Amino acid sequence: MRQSLARELSNLIERGRDRQLRLAVTGLSRAGKTAFLTSLVYQLRHAGLEARLDLLPAAREGRLLGAQRVAQQDLGVPRFPFDEAMLALDDSPPRWPEPTRGISELRLHIRYRPQRGGLLGGLGRDSATLTLDLFDYPGEWLLDLPLLDHDYLSWSTGQQTSLSPERRTLASGWLDAVADLDPAAAADEGELARIAQHYAEALRAAREAGFADLQPGRFLLPGDLDGAPVLQFFPLPGLDVDDRQRLETLPEDSVYHTLARRFAYYQQHIVRPFYQEHFRRFDRQIVLVDVLGALNAGPERFEDLSRALATLMQSFDYGKRSLISRLFSPRIDRLAIAATKADHVTPEQHVNLVSLLEALLGEPLKDLRFADIPVKAFSLASIRATRAHEVEHQGKHAPALRGTTQDGEETLVFPGEVPVRLPRSDFWTRQGFAFHAFRPLSREARGDGLPHIRMDAALDWLIGDKLT
Ligand SMILES: Nc1nc2c(ncn2[C@@H]2O[C@H](COP(=O)(O)OP(=O)(O)O)[C@@H](O)[C@H]2O)c(=O)[nH]1
Ligand SMILES: [Mg+2]
């Protein structure tokens, strides 16, 4: 206890001197978190050597001296698998890093030379150290925030109405299994476990089909909670909020009360602790969005991503009356949102990609700006897997991309134009979008360093002011 107090104190002092920063990377599954963090760590470790970071002033001015991994503080949080990710990229043929599930952490010491005339520079210091704590956690966990505003009954009825026809079809196994369940009957553990299994499967099927707006988030990424009763609840179809009084009088061991208890436990022991122990303590965050992937998947998935992002962004809405502020009073002072995998489109499309990202996050962005949270939108490629080319066609120059497909085939493609605004129905019928999954560049092909697009711009926004 005493030791942790001392640690907190020294953290506070470091932070007071602006020398420590907790930066979190989030985004839905496959948004590109692992690739982003891997690249970020790589670029900082190779700053001043192979890494190209011209948009980060400290690097451009030669003041960034390097970065070293040091032991992290939270011993209960898994280490971010940086070495494993680099091994995958360096393999032949190169592979994308394995997906991670759950939260992970890595601590860097960044050495830099303060600007002359700056606060630290003025003290005659040759170099200074910024301690950067990096976190990677699933954006799916943020989809659970609104769940804190419900009790079991209101959540249950809300979930029912949000089931679209296609989601219903994907959930038919669960709907069949739950159809005969009587809320008043005595709960049978085995039966609830079985139905919950169906429910989790329905969520997984929906995710496989490209849906993102899914609750509860931990059902998709259960980690070490797999099989625990806390994850064995589900909404009860056919309930009505007007039934509250009648439902309250049901026996304690009824299906209804058993599920309600598990729901409350999930809120208290899973959702809240994440916000209390982690989220609240992040200084800055970057939210990654696979806009191009959704564009490629078609209108229904794109809509769904839009809804999921609206929910996810509620966790960043620090307006005084917002749910997050009422419950946790978090303190993030800066936020970045980024459309990832920009190397999937030709460079002149990158501006459109940022516009589209901003359109997709339209309402949440307005709320953030209203609450005076500094937020900036980017398009980037953490690990660039293609090269931009110009091709000549009938005397005209046209942009194209060269890359290696996952099957190892060299291709030259023009993937399509990115709409500037939320695509209307004719976009999908008329044009669509042809997306290719590329293999990372091989070690030989990428030469020195790890090629990226605008990682340095994102870094400047996220940590640049701490390196002055
Ligand atoms: N071309 C390209 N593909 C990327 C990039 N970042 C991620 N990807 C692809 O997206 C997949 C998911 O990325 P990952 O970082 O594992 O996502 P996470 O689930 O958010 O951690 C990877 O396996 C790659 O196929 C990028 O910068 N360029
Ligand atoms: Mg990952």
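Both counts, for ligands and for their atoms, begin at 1 and track the order of listing. All of these numbers come straight from a predicted model, not from anything done at the bench.
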Is the shortest distance from a heavy atom of [X] to ligand 1 less than 4.0 Å?
{"X": "A437", "result": "no"}
{"X": "A31", "result": "yes"}
{"X": "S29", "result": "yes"}
{"X": "T340", "result": "no"}
{"X": "L380", "result": "no"}

Looking only at side-chain N and O atoms, does [Y] offer a donor or acceptor that is under 3.5 Å from a partner on [X]?
{"X": "R79", "Y": "Q72", "answer": "no"}
{"X": "T411", "Y": "E409", "answer": "no"}
{"X": "Q285", "Y": "T26", "answer": "no"}

Notebook entry, point to check: Do R107 and Q20 have side chains that get closer than 4.5 Å, going by heavy atoms?
Noted result: yes
Checklist line | Distance filter under 2.8 Å, centred on the Mg ion (ligand 2) - protein N, O or S atoms that pass it | finding: T34 OG1, T100 OG1
Can you find an N or O of [X] that's nearer than 3.5 Å to an N or O of ligand 1?
{"X": "I383", "result": "yes"}
{"X": "P99", "result": "no"}
{"X": "Q406", "result": "no"}
{"X": "K341", "result": "yes"}
{"X": "T34", "result": "yes"}

Taking 4.0 angstrom as the limit and counting only heavy atoms of [X], give me the atoms of ligand 1 inside it, by number and element.
{"X": "K33", "answer": "15 (O), 17 (O), 18 (P), 19 (O), 20 (O), 21 (O)"}
{"X": "H344", "answer": "1 (N), 2 (C), 3 (N)"}
{"X": "A35", "answer": "6 (N), 7 (C), 15 (O)"}
{"X": "D343", "answer": "1 (N), 2 (C), 26 (C), 28 (N)"}
{"X": "L28", "answer": "20 (O)"}
{"X": "A381", "answer": "27 (O)"}
{"X": "A385", "answer": "1 (N)"}

Item checked: Passing candidate, side chain to side chain contact (heavy atoms under 4.5 Å, CB included) with L130, options I110, L44, L108 -> I110
Notebook entry, point to check: Out of I324, L312, V287, which residue meets the side chain to side chain contact (heavy atoms under 4.5 Å, CB included) rule with L142?
Noted result: L312
Notebook entry, point to check: Which of parallel (below 30°), tilted (30 to 60°) and perpendicular (above 60°) describes F233 and W155?
Noted result: perpendicular
Next item on the list: Can you see which heavy atom on E140 is nearest to which on S29, and at what distance?
Entry: OE2-N, 2.9 Å
Notebook entry, point to check: Where do A310 and P364 come nearest, in terms of heavy atoms and distance?
Noted result: CA-CG, 4.1 Å
Note to self: Regarding R307 and D304, does a basic nitrogen lie under 4.0 Å from an acidic carboxylate oxygen?
What the structure shows: yes
Check: Are D213 and R167 close enough for a salt bridge, meaning some N to O gap below 4.0 Å?
Finding: no
Notebook entry, point to check: Can any side-chain N or O of D343 pair as donor or acceptor with the backbone N or O of A385 at less than 3.5 Å?
Noted result: yes
Note to self: Tell me if a side-chain donor or acceptor on R63 pairs with a main-chain N or O of L467 at a distance below 3.5 Å.
What the structure shows: yes
Notebook entry, point to check: Just wondering, are more than 12 heavy atoms of other shown residues or ligands nearer than 6.0 Å to CZ in R52?
Noted result: no
Item checked: Nearest non-hydrogen protein atom, atom 17 (O) of ligand 1 -> G32 N, 3.0 Å
Item checked: Nearest non-hydrogen protein atom, atom 19 (O) of ligand 1 -> R30 N, 2.8 Å
Next item on the list: Using the side chain to side chain donor-acceptor pair (under 3.5 Å) rule, take S379 and R454 through it: C-alpha gap first, then chi angles, then the decisive distance, then the call.
Entry: CA-CA 7 Å; S379 72; R454 279 184 297 280; 2.7 Å; yes
Checklist line | ligand 1 versus W96: contacting region, heavy-atom distance under 4.0 Å | finding: side chain
Next item on the list: Check F282, Y275, F80 against Y137 for a ring pair (Phe, Tyr, Trp, His ring centres under 6.0 Å) and give me the one that passes.
Entry: F282
